[in-house]
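Here is the structure we will look at, set down as structure tokens.
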Amino acid sequence: MQPKDLAKKLFSEKFNRTSELNVYAPGRVNIIGEHTDYNDGFVMPCAINYGTAVSGAKRDDHTFCVYAADLDQFDCFRLDRPIEQNPSEKWTGYVRGVVKFILECCPEFTQGADLVISGNVPLSSGLSSSASLEVAVGKFCQQLGELPLSNTDIALIGQKAENKFVGANCGNMDQLISALGQQDHLLMIDCRSLETKATPVPHNIAVMIVNSHVKHDLVTGEYNTRRQQCEAAAKFFGVKALRDVSIQQFKEKEAELTALDGEAAKRARHVVTENQRVLDAVDALNQGDISRLGELMGQSHDSMRDDFEITTPEIDYLVELAQQVIGKSGGARMTGGGFGGCIVAVAPVEKVEEVRKIIADNYQKRTGIKEDFYVCTASQGVHLC
Ligand code: GLA
């Protein structure tokens, strides 16, 4: 059963009444533009047909009573008292954090509710299950309290919850695409101005996701280190963020930075070139040039592997297998924060079975891990359901 139906059904079962408000927010896959969001740069993700549903109804004691269906756990907290961490269960941080920061913007919000949450975004795989939860909860509160918050505001509140309540120092891409995604479109987001540009997924092109099921414990630490290295590089160039450094400017001072801090120089090279690749990818898509898009995706992967150093041998192998079949008809790269997770591949629909087969025949044989393979649809961002 889909999360939307499951959340409604379980709401009736757990709370003995019918839900009055039903919200759904998708996860995402990023086609190109990795680790550029917190450098004020460009990204080009799409929302996917996997997401998180929240079904609920008002209650009149200023309390949120939340049932996480997939974990079979409850968490209750009051809106008229300071919202604290519930250290026993991590998932509660996403809900409590969003409600806390909604209250900070909209102190008039006191309406309690019973809620059921159900989702089908694979967890810890780089497809933004947490952002979809944050955005779904944020939209639920906005609707419940008729609050003057746009979907962009809700996304930024989700990011704040993640940064300041959950303690993950992420950028704004995941929440923005979950809030603003458009059916059948990729969305180029300028993570500084928050302007977006939707480009249709070309007819006959499939977006494939392969989950490596590799997950490293280091993710948060490594992610934060990368952020710090990027900030150090921006400081070296005397700019607010690496977004402000062109490839030409980078080249002029590359040797000097390398002598000072070799790692920061490599991280900066990734970010500066990746920003340009996103802009080039938009042009390629507008010209219907999937071969060029694929070439840029390949360069992005190489840059994540060699300069940003966030891939793993398993991920590199998946990309290599997909690229073998796809050739110049599209492309493949790691997607998401890194150190495991998923790859994304873009290719003509008729290539899908061949990609699935080469991976099924080889990945587990070499790594001992069985992958998951999805063909996804670019989907609508958060909506009532
Ligand atoms: C994670 C973060 C995002 C972004 C990506 C890398 O998904 O949550 O903000 O930084 O990694 O592109």
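All ligand and atom numbering here is 1-based and tracks the order in the structure. In what follows, residues are counted from 1 in the order of the sequence shown.
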Point to revise | Short N-O contact, Lys266 and Asp307, less than 4.0 angstrom | key: no
Charged N to carboxylate O below 4.0 Å: is that the case for Arg292 and Asp280?
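Yes.
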* **From the candidates Thr335, Asn169, Asp37, the one that places a heavy atom nearest atom 3 (C) of ligand 1** =>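 Among Thr335, Asn169, Asp37, the closest heavy atom to atom 3 (C) of ligand 1 comes from Asp37.
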### Qualifying ring-ring contact (aromatic ring centres under 6.0 Å, His included) pairs, either residue in residues 281-312, two or more places apart
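Every ring-ring contact (aromatic ring centres under 6.0 Å, His included) pair that includes a residue of residues 281-312, provided the two are not neighbours, is His35-Phe308, His270-Phe308.
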How close does the nearest protein non-hydrogen atom get to atom 11 (O) of ligand 1, and which residue and atom is it?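 Ranked first by proximity to atom 11 (O) of ligand 1 is Gly337 CA, 3.3 Å.
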Hey, which atoms in ligand 1 end up nearer than 4.0 Å to a heavy atom of [X]?
X      : result
Tyr223 : 1 (C), 2 (C), 3 (C), 4 (C), 9 (O), 10 (O), 11 (O)
Cys170 : 2 (C), 8 (O), 9 (O)
Tyr38  : 10 (O)
Gly171 : 9 (O)
Arg28  : 7 (O)
Met173 : 4 (C), 5 (C), 12 (O)
Asp174 : 1 (C), 2 (C), 3 (C), 7 (O), 8 (O)

task = Verify whether the ring centers belonging to Tyr38 and Tyr223 lie closer than 6.0 Å.
result =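 Aromatic pair counts; centres sit under 6.0 Å.
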Quiz item: Is the NZ or CZ atom of Arg366 positioned over Tyr317's six-membered ring, under 6.0 angstrom from the centre and within 45° of the axis?
Solution: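 Ring-cation test returns yes.
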Exercise. Check whether NZ of the Lys or CZ of the Arg Lys100 lies under 6.0 Å from the centre of the six-membered ring of Phe165 and within 45 degrees of that ring's axis.
Key: no
Exercise. Count the heavy atoms belonging to other residues, nucleotides or ligands that lie under 6.0 Å from CD of Glu146, then report whether that count exceeds 12.
Key: no
Exercise for the section: May I ask whether Met304 has any heavy atom positioned less than 4.0 angstrom from an atom of ligand 1? Expected result: no
Please determine if His35 has a nitrogen or oxygen closer than 3.5 Å to a nitrogen or oxygen of ligand 1.
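In this structure, His35 places an N or O atom under 3.5 Å from an N or O of ligand 1.
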Residue list, side chain to side chain contact (heavy atoms under 4.5 Å, CB included) with Glu84, at least two apart or on another chain: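 So Glu84 forms a side chain to side chain contact (heavy atoms under 4.5 Å, CB included) with Pro82.
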